[in-house]
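Data block below; observations after.
One-based numbering, in listed order, for ligands and for the atoms of each.
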Amino acid sequence: MRPEILYPLFAPVTSLPGIGPRFAQLIAKVAGAHVVDLLWHLPTGLIDRRYAPSVAEARPGSVATLTVRVDHHLPARTQRYPYKVICSDETGELDLVFFHAHRDYLEKALPVGSTRIVSGKVEVFDLHLQMTHPDHIGTPEEAADLQIVEPVYGMTAGLAPKTLRRAMQAALASVPELPEWLDPSLLKSRGWPPWKNAIIAAHAPKGPGDLEPTTPWRMRLAYDELFANQIALALVRARWRRLPGRRIAAPGRLRRDAVSRLPYALTGAQQRALGDIVSDMASDGRMLRLLQGDVGSGKTVVAFLAMLDVVEVGAQAVLMAPTEILARQHHATIAPLAEAAGISVALVTGRDRSKERRVALEGLKSGSAAIAVGTHALFQDDIEFRDLAFAVIDEQHRFGVHQRLALAAKGHAINVLVMTATPIPRTLMMTAYGDLEVSRLTEKPPGRRPVDTRVVSIERMGEMVERLAAAIASGARAYWVCPLVEESESVDLAAATERYEGLRARFGERVGLVHGRLKTAEKDAVIHRFASGAIDILVATTVIEVGIDVPEATIMLVEHAERFGLAQLHQLRGRVGRGGLQGVCVLVYQPPLGETAKARLNVLRETHDGFRIAEEDLRLRGAGEVLGARQSGLPAFRLADLGAHADLLGMAHDDAAMVVGKDADLASARGQAIRSLLYLFERDAAVRTTRSG
Ligand code: ADP
Ligand code: MG
């Protein structure tokens, strides 16, 4: 249950005075629907209104707060002219200028003969000092409220800064004192304020330096958020560790035989990863390990070999892929190797009533099928295993690991290996997985030539098409990936379709189109035609990322490459030049390209090291962009900026490990305070994993 002290913060913003449903909708757009969301919406700038000169002294171009007498009103002669209110002090005259003015309102706000405080930008026009649409108009009693440094917030159309500020002030007034969840010695050594002071200071900048991520208050808030994230992960992990393990102590005969039958030698990285996995499984604890490596680095083979130990002790293993295409590919890789060892592999991808599926399910139930490969359909209720002991989860690019762990935790003492092709930087990995054990395949199988990568302007489209025609004439096959338009699949599709039509006009029948809206069977049919060589050019939206494997394809052309994450581009590039042929990757950009964008694309020309590429992307674009926000599923932070606060993440990780190590049920006084922190950052699902949750 959420602690009562937090109720006001989780009330809808309409609970704030003066905020009705209409404003609430706009506020929800910029910040969120609850009071707490306003607190997390930190200012991005400020306006200093403390400059209060006389009219004669006011510097044109500056923001000033002036005390003036209202002399007379000059209503607009026609719609085209502004309404003017002529004011003055003893040093000179100031015209207030209003377009589309409401006369009633102005006569009330600025009665002739009264003294008023006006704040806004002063300018000179026609030799007159004027202020167009003052930001604030007040009475002399309100001077102290107006002559301030005003925070500036990210806005949306229709929401007046004044309204947002009013809501913000009310939200800040409702901030409770919360019990301290941080270690007092940390606060002292860092000079960080208590939480309530930090949130108030963050919204009250006095100068530009106060908006920096390195101020004590912003650091404290960032740390709180990272600490909540790390505590939540540590709790899930601690629960995992409490579950009984399953020791798989096989002599390793099947595995060694299979290795000797492989047409190649394992790389050093593959051997090390396999060693890690085998020894994890042979220990008493429950295995939870991440296997990271580019597409084609040989993860599937490693996973398969590890499965053989499980099979050898008479238990079963599954490999779960995110899509049906990938599941079928894994099956195609594994089945021949398994059959050579006399092991039968079941493929489970759908819910259909086919004979094939029935046979597969029977095999899993009886144990005659020792290995299953499939999609999440593997975890449907009607699927029974005789003795499942090992699950390999191929995440490819998505990160749903904790939900899937929950799934895998059902009933069985299953060892889990998560595979990912995304080279996630260490910092990001820590936010997504906590201290998961990791094996990395940093070394490629021998004989792979680096893909020749070029960065080309779209203005050279004609030339590119001619080169493509020449390459195809000599037998090449090419992917043509179309622009990724943010958050809109239908727009993506329109662009891809248009390009497809254009290429059809030039190349005729030998062009295919594949996208996310196609039915699986249709998609498979097109891909099959590309794989078999019936078509030469496959126009695609980014669906090809999640697994199309055509070794004969050698050209990868990506339009609007500047819109992709580097890790994504690197993965697309990994699709070509796999069959021992020289691959070419053409990154087509739309000029003009800014300095950062240019530097980003050049990183891909300079290196093929996926981990370095991901680190660079993190440095150049920040965490949210690294993997393409729409598909990453990584936790998003509102206060922490992983570029600026990376060192805090390491601290938060260690701090969380210590807390959970000593007090996994958050029962101590600090543990209780940490519960409030978890609720504050809506990580309360983790609280329920404690015994007294
Ligand atoms: P991943 O799962 O990491 O994408 P795979 O395991 O599918 O990679 O391997 C890609 C291809 O490389 C497969 O055809 C596999 O047979 C081959 N392969 C794997 N390991 C080696 C190796 N050590 N030497 C040569 N080829 C390898
Ligand atoms: Mg693979």
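- Those atoms of ligand 1 that come under 4.0 Å of a heavy atom in Gly298, given as number and element, are 1 (P), 3 (O), 5 (P), 6 (O), 8 (O), 9 (O), 19 (C).
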message: Test side chain to side chain donor-acceptor pair (under 3.5 Å) on Arg573 and His570; report intermediate values, then the result.
response: CA-CA 5 Å; Arg573 172 169 72 176; His570 177 62; 3.2 Å; yes
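- With a 4.0 Å cut-off on non-hydrogen atoms, Ala265 touches ligand 1 through its backbone and not its side chain.
- Taking the charged nitrogens against the carboxylate oxygens, Arg246 and Asp387 do have a contact shorter than 4.0 Å, which makes a salt bridge.
- Taking the side chain as every heavy atom from C-beta outward, Leu604 and Leu566 approach each other to under 4.5 Å.
- Only the side chain of Gln270 comes within contact range of ligand 1, with a heavy atom under 4.0 Å; no backbone atom does.
- Within the 4.0 Å heavy-atom cutoff, Asp294 counts among the residues contacting ligand 1.
- Nearest heavy atoms, Ala273 versus Leu441: CB-CD2, 3.9 Å.
- Looking at residues two or more places apart in sequence or on another chain, you find no salt bridge (charged side-chain N to carboxylate O under 4.0 Å, His left out) involving Arg605.
- Under the 4.5 Å side-chain criterion, counting only non-hydrogen atoms from C-beta, Phe304 is in contact with Ile371.
- Proximity of Leu441 to ligand 1, defined as any heavy-atom pair under 4.0 Å, is not found for any part of the residue.
- Looking only at side-chain heavy atoms (C-beta outward), His515 and Thr497 stay at 4.5 Å or farther from each other.
- Distances below 4.0 Å separate heavy atoms of Pro445 from the following atoms of ligand 1: 21 (C), 22 (C), 24 (N), 25 (C), 26 (N), 27 (C).
- Polar contact with ligand 1: absent for Thr333 (N/O pair, distance under 3.5 Å).
- The backbone and the side chain of Thr267 each have at least one atom closer than 4.0 Å to an atom of ligand 1 (non-hydrogen atoms only).
- Of the N or O atoms in Gly293, none lie within a sub-3.5 Å distance of an N or O in ligand 1.
- Residue Val301 approaches ligand 1 through these ligand atoms, each under 4.0 Å from one of its heavy atoms: 6 (O), 19 (C).
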